[in-house]
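In what follows, a structure is listed as structure tokens, so that the remarks can point back to it.
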Amino acid sequence: MTEPDTAATLPAATANTHVHELQIVEVIRETTEAVSLVFEVPDLLVPRFRHRPGQFLTLRIPSDRTGSVARCYSLSSSPHLDDDLIITVKRTEGGYASNWLCDNAVPGLRLTTLSPSGVFTPKSLDADLLMIAAGSGITPVMSIIKSALIAGTGAVYLFYANRDASSVIFGTELADMMAEYPDRLIVDHWLESTMGLPTAEAMTERLWPYTGFDAFLCGPTAFMHMARSAMIAAGMAERHVHTEIYQSLTGDPFADIVIARDDSETPATATVDLDGRRLELRWPRHTPLLDVLLAGGHDAPYSCREGACSACACSVRSGEVRMLRNDTLVEADLALGLTLACQAVPLTDHVDIAFDQ
Ligand SMILES: Cc1cc2nc3c(=O)[nH]c(=O)nc-3n(C[C@H](O)[C@H](O)[C@H](O)COP(=O)(O)OP(=O)(O)OC[C@H]3O[C@@H](n4cnc5c(N)ncnc54)[C@H](O)[C@@H]3O)c2cc1C
Ligand code: FES
């Protein structure tokens, strides 16, 4: 049985293989409010940064006030086209990390990041794709579109809303792609400066021809709600609508992993299928499964460590767990037996779990 040190405090960077440093090699000013940061991936780390289009990095941004904050940024680069990793950051008014990156990122700067993560990615790049983005929501959408055009065979329709022409990120690149793939890509720009805010009626009108497509939606919360209901009104099945919600992490996924000693209770036990291996673990009853795994040196997937991203989702095959927090799994996920490893503590003496998502 693999036993974590039950009174251990392990620095996240040494306790697992997800924490790395990458160097910025180029900064591209996309608009007055948005920059793309290009990271070089050293040969040794290439396997760690293999990713799917639509996934994101979790960066540690330095702060004089708190030491650091953690923020997620979607990759705008395509794993099918770009060797480097590119994120695109738009300033948030009154925000901290986005403005720090826009003001301080220069070639040569090294930043700490977790390996890519996320489930906002098409199952097949050959599918027909309905992409809906507003503002910086274009970032993961861009990665998916580039990948689908290069490595897939389907048609792509993009509805892309912005305040005005000067705030459109990747405008030239999208126009070039439309010229290169005229039979496969349609880009439909919506500019608030001339057309007003997009309405559900206007979107339903535009989207109904694409209701058989797989839909990917990313933008501000109000826009996402409106676009989602427009899609459903247009006749799209809920299960075909995938969303990426932009929110700032409140916790610190880079924080040390603490396995508290509790001599008053016998630990539970767990059987965990992870990366083709079957692990037998002692599971202290108040410690989330992810911490037990990372402390034991096992390479379990995660990003936020606060129940918000679902990167650590896994299936409970027998036994029961309780989640300390869950901001991401919906009823349908729970009915399938999914749980979040970063929040799951055992309720039964033995639990059988598989990382099969
Ligand atoms: C999966 C995912 C993908 C994302 N992809 C992108 C993307 O591609 N592009 C993009 O632009 N955004 C993206 N985001 C959003 C991004 O993660 C941030 O939420 C966004 O940049 C706003 O962060 P901010 O710190 O600038 O603003 P806020 O989070 O609004 O900043 C305010 C917060 O910072 C704290 N703060 C203020 N000053 C300091 C200080 N000196 N030190 C420490 N803390 C301070 C405040 O207390 C407050 O909590 C994504 C989010 C997610 C979840
Ligand atoms: S790591 Fe994000 S929900 Fe668990």
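Numbers here simply count residues along the sequence, with the first being 1. Just so you know, ligand 1 is whichever comes first in the structure, and atom 1 is the first atom listed for that ligand.
Using bins of under 30°, 30° to 60° and over 60° for the plane-to-plane angle, the ring pair Phe223/Phe159 lands in the parallel bin.
Residue-level contacts of ligand 1 at the 4.0 Å heavy-atom threshold are Phe56, Ser63, Arg65, Thr66, Val69, Arg71, Cys72, Tyr73, Ser74, Thr88, Val89, Lys90, Thr92, Gly95, Tyr96, Ala97, Ser98, Ser136, Thr139, Glu244, Ile245, Tyr246, Gln247, Ser248.
Under the rule for a ring-ring contact (aromatic ring centres under 6.0 Å, His included), the partners of Phe120 that lie at least two apart in sequence or sit in another chain are Phe216. Scanning for salt bridge (charged side-chain N to carboxylate O under 4.0 Å, His left out) contacts around Arg91 gives Asp103, with sequence neighbours left out.
By the neighbour-count criterion of 12 heavy atoms within 6.0 Å, atom CD of Glu331 is sparsely surrounded, having that number or fewer from other residues, nucleotides or ligands. Residue-environment remark: CG (Asp164) exceeds the threshold of 12 foreign heavy atoms within 6.0 Å. Around NE2 of His350, the count of heavy atoms belonging to other residues, nucleotides or ligands within 6.0 Å exceeds 12.
Around atom 4 (Fe) of ligand 2, protein N, O or S atoms at less than 2.8 Å number 2.
Put simply, the side chain of Asp82 never gets that close to the backbone of Asp84: no donor and acceptor are under 3.5 Å apart.
Between Pro140 and Phe56, every side-chain heavy-atom pair lies at or beyond the 4.5 Å cut-off. Side-chain contact between Leu75 and Ile87 is present, with at least one heavy-atom pair separated by less than 4.5 Å.
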